[in-house]
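Accompanying notes for the structure given below.
Just so you know, these numbers come straight off a predicted model, no measurement behind them. Residue numbering restarts at 1 for every chain, and letters A, B, ... go by the order of the sequence lines.
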Amino acid sequence: NGHAVFVTLEDTMVRYHRMRGDDTLWLPGVDHASIAAQFVLDKIIAEEGETRDSLGRERYLERMWQFMAETRGVIGEQMRRLGASADWSRERFTMDPFSARAVRVAFKKLHDADLAYRGEALVNWCPRCLTTISDLENVHAEEMGTIWTVRYHLARADGTPDPDAWISVATTRPETILGDTAVAVHPDDDRYRAFVGRDAFLPFLGRRVPIVADASVQREFGTGAVKITPAHDFDDYALARRHDLPMINVLAEDASMNEQAGEFAGMDRYEAREEVLARLRAMGDLEAERAHQMTIGRCERCDTVVEPRLSVQWFVRTGPLAERALASVRKGRTRIMPDHFEKVFAHWMENIHDWAVGRQLWWGHRIPAWYCPDGHITVSDQPEGPDACAACGRPATELRQETDIFDTWFSSGLWPFSTLGWPDETPDYRRFYPTSVMETGYDIIFFWVARMMMLGLFCTGLEPFHTVYLHGIVRGDGGVKMSKTKGNVSDPLAVVDEIGADALRFALTVGTAPGSDQRLTAAKLDGARNFSNKLWNAARFVIGAQPEPMAEPEGEPTLPERWIRSRLADATARATRQLDSLDMSGYAGGVYDFAWNDYCDWFIEAAKVDLRREEASHGERARAWWAAAETLATTLRLLHPLMPFVTEAIWSHLHELDPALTGDEPLLVTAAWPAGSVQDPEADAAMADLIELVRGIRNLRTEGGVPAGSWMPLALSPAARADAAAIQSALRYLEPLTRTRPIELRAPGTTPPSAVPATTSALGVAWLEASAGQVEAGGRASEARAAQLRTGIARLETLLAQPNFVERAPADVVQRERDRLEDLRGQLASLTGDLG
RNA sequence: GGGCGGCUAGCUCAGCUGGUUAGAGCACUUGCUUGACAUGCAAGAGGUCACUGGUUCGAGUCCAGUGUCGCCCACCA
């Protein structure tokens, strides 16, 4: 379903711009997702009784290519079924040779600029995936754990532990005691002032560690004294660097205790924890134990508790890169939608750490760094590597390449330009770079968007896109996030099979806002399906209503014809504006409203009258039909970006009927977006009056308990202001639309008999000429209406009586309120006159 | 510990730079197999726009604070 959202949004944007005649490219492709892919493939081969090591690097990677080909096929098929009109001839993959080259070149460029370096540091390590992971892949959550207080005995003058003097430290990870190299207290803490400078003994291993003072220690927390394990804790690491303390790694790569752990070596970290606790208890040095809520980081992929690990790694120095990316956003050269994500983006960029880009995995691009026996590093962007060590000239044969691969996001970060041929200035690159819109989920704004901004600006000197459109997460009926692990992912293809891709696309677009999550409920999908069904049926009507024989259209357009063209012009203008500003939901809602409420509910119903009028000439019927068909055709153009399938199907029928309807374009996908046309305010107003009157009369029928099927005589007393032609043209539609016959025109100012409910509109006052008993007596409708009018009038009178309002509000606002007041007074006058 | 967002009809949500009587879909009530569509048509009911204060002629909309739910970021043992 994640696919369905981005395909829908991107495809809608792209189809719109193609219809506009813009030079449009939607380049499809996928990344190689190294850690996730290995995680999945490891499981698959495990079922075959194999492991990564049993297969070996080469065969494992062969399997991976095969697996990836299948996955890509599935994703491509899904996208196509959803209607993705991407340029499949340019499909790209982050493991293809173009990407590989871009990765090498980009990395060398970074290294040359001193923005990539190799160094020893503490990184997040997943003991199950056996690789470094980035801060972002280390997901923190609150968990209940235990905090223990442990006694470290002080060293006596003779160098032995003092059984009666100790310093107590608090820890949540007792096994790391084995890697402690100090105890720290706050310099101003009176309790421990005398301890500073002395040594304490670790409970095991017989190691003496110094007690140091450091302001980073929180006096209030725990005992106020903290054990320092530099190789296994980020705080401790920083402190150790300040105090020049040794760093002892006691964990192996799978998080079992290593040989530094002495007698604990070989135990798993949690076994060792229990063992350490048991011994401390036995020695009487476990002072306290209590439940403790803490934050624990787990591997995003496999949920294993992450270990900080001291190792030599490749890093990207992000400071200068982030500064530039941030400046771009601040200056508005790249806009993030919705706006408030700019703050989120800025906050992250301002607090960014260097990026550990190396991964101890197989599936990915190997870091193009070569080491010579003398320790020199040569970074090369050549596919075959360097000829010789850049520092000492040793031949390539004596160099060995780094075995670590890049974080997938490194190659993904180059996507906007690596896919267009960079570092070469290819025609595609010149034509399409920088790109315009980056559409993706807000959940990967840091992983991907931030990296593309940083690397794009660094590599190409240009912002890789001018707009970032972030979509939200799709949640299921209960508001639960759909995730593969929870197994509540609904298969988009199953939905497509059931209700069609168009309906799914519509449901995913309407009523959503960028950056906000949405609930995709069954009811919403139903509504979307109903809409595509509605379109189909409206088209069926239009197609079936073509007059026989079809003649040259003639005669003046009727009111509904003028009106629907005006409404269409308005709908077109709005849709254009909305799509230009990426208001996808507004666009979807707007065309829906036009197609259903204006076109189907009012125009088609009115057009039926004209199409079936017996006295109409062939030419007049042809004109009436043409208006309906033409409007339908334009509506299809408006809807096509969002609902490509139904619209295309209907289009082909219209084209078959008369190519003039489709502008001689057999395919809607390549047809043009409708040009704007002028609105017709006169028709808008006249039709609004007619609609108001129709509604009023229908209301009278319902309120009066008139059976829906029966014809009722109607009396209409035209308003003095209404012109005769307008009344005449309205009558034609009034009759069938309100099921009233005959309609008697009374003199202006005529009032209905007392107690007969009437409806007042700009066109006049109307009431049902009921035979006795057919209309329930009473003027409830009129009373209610009069009350409404009185409230409105009172409100406006108060408002207009305020000098402040009249003097300080803009003239047009004041005038508008005055007009409204006049209008309401007029309506009330005729209504109260009628009531007697 | 910081930051961000939501709070509008029974439900899911629109509501742009403050200005008609606050909207839609679904659900609900009533009536309709009217020759495109019952996946439909017509009419209707339903809201102190979370709360408090402020700015303003005018606040769902802007400002401050409170509550509540959710999310993101963060190296407190």
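At whole-Å resolution of the value, CD1 in I697(A) and C1' in A43(B) are 14 Å apart. In this structure, CG of L611(A) is placed 12 Å from C1' of A36(B), rounded to the nearest angstrom. The distance from atom CD of Q293(A) to atom P of G1(B) is 11 Å, rounded to the nearest whole Å. Remark: P of A36(B) and CG of L535(A) are 17 Å apart, rounded to the nearest angstrom. Taking atom CG of residue D233(A) and atom C1' of nucleotide C76(B), one finds them 9 Å apart after rounding to whole Å. Rounded to whole Å, the distance from CZ on F447(A) to P on C72(B) is 11 Å.
G10(B) and U29(B) have their P atoms separated by 16 Å, given to the nearest Å. Rounded to whole Å, the C1' atom of C69(B) lies 27 Å from the corresponding atom of C76(B). Rounded to the nearest Å, the gap between the C1' atom of G18(B) and that of C57(B) is 12 Å. Only the C1' atoms considered, A24(B) is 29 Å distant from G67(B), to the nearest whole Å.
For the pair R451(A) and W355(A), the cation-pi criterion (under 6.0 Å, within 45° of the ring axis) is fulfilled. Within the cation-pi definition used here (under 6.0 Å to the ring centroid, within 45° of the axis), K608(A) qualifies as a partner of F541(A).
When distances run from any side-chain atom of D135(A) to the nucleotides A42(B), A74(B), A14(B), the shortest one goes to A74(B). Considering only the side chain of K227(A), A77(B) comes nearest among A77(B), U39(B), A36(B). Distance from the side chain of F221(A) is smallest for A77(B) among the nucleotides G19(B), A77(B), G31(B). Of the listed nucleotides (A77(B), C73(B), A43(B)), A43(B) has the atom at the smallest distance from the side chain of R695(A). Minimum atom distance to the side chain of F805(A) is reached by C57(B), of the listed U20(B), C57(B), C26(B). When each of C32(B), A77(B), C73(B) is scored by its nearest atom to the side-chain atoms of A708(A), the top-ranked nucleotide is C32(B). Side-chain proximity of Q218(A) to G35(B), A77(B), A14(B): nearest is A77(B). Each of C32(B), C37(B), A43(B) was ranked by its minimum atom distance to the side chain of R698(A); first place goes to A43(B). Closest contact between the side chain of H340(A) and the listed nucleotides U39(B), C4(B), C41(B) involves C4(B). Side-chain proximity of K534(A) to C37(B), A77(B), G19(B): nearest is C37(B).
Under a 3.5 Å cut-off, the side chain of R613(A) and the backbone N or O of R621(A) do not form any donor-acceptor pair. Side-chain atoms of E735(A) do not come within 3.5 Å of backbone N or O of R741(A) as any donor-acceptor pair.
With the nearest nucleotide of RNA chain B identified for both W596(A) and Q518(A), Q518(A) has the one nearer the 5' end. Remark on RNA chain B: of its neighbouring residues R808(A) and G527(A), the 5'-side contact belongs to G527(A), judged by nearest-heavy-atom nucleotide.
For the residue pair D517(A) and Y442(A), a side-chain donor N or O sits within less than 3.5 Å of a side-chain acceptor on the partner. When only modelled atom types and interatomic distance are considered, S168(A) and E287(A) share a side-chain donor-acceptor pair under 3.5 Å. Side-chain contact of H353(A) with D135(A): a donor-acceptor pair under 3.5 Å is absent, judged by distance alone.
Taking only side-chain nitrogens and oxygens, R519(A) comes nearer than 4.0 Å to OP1 or OP2 of U12(B). Distances shorter than 4.0 Å separate none of the side-chain N or O atoms of K608(A) from OP1 or OP2 on U34(B). OP1 or OP2 of A36(B) has not a single side-chain nitrogen or oxygen of R540(A) nearer than 4.0 Å. The shortest distance between the side-chain N/O atoms of N699(A) and the OP1/OP2 oxygens of G44(B) is below 4.0 Å. Taking only side-chain nitrogens and oxygens, N530(A) comes nearer than 4.0 Å to OP1 or OP2 of G40(B).
With a cut-off of 3.5 Å on both Watson-Crick or G-U wobble distances, the partner of G67(B) is given as C7(B). Pairing for U56(B) is absent, judged as Watson-Crick or G-U wobble with the two contacts each under 3.5 Å. For U61(B), there is no paired base (Watson-Crick or G-U wobble, both distances below 3.5 Å). The partner of C41(B) is G31(B), judged by Watson-Crick or G-U wobble contacts that both fall below 3.5 Å.
Side chain E605(A) to base A36(B): a donor-acceptor pair is found below 3.5 Å. Side chain K343(A) to base C4(B): no donor-acceptor pair is found below 3.5 Å.
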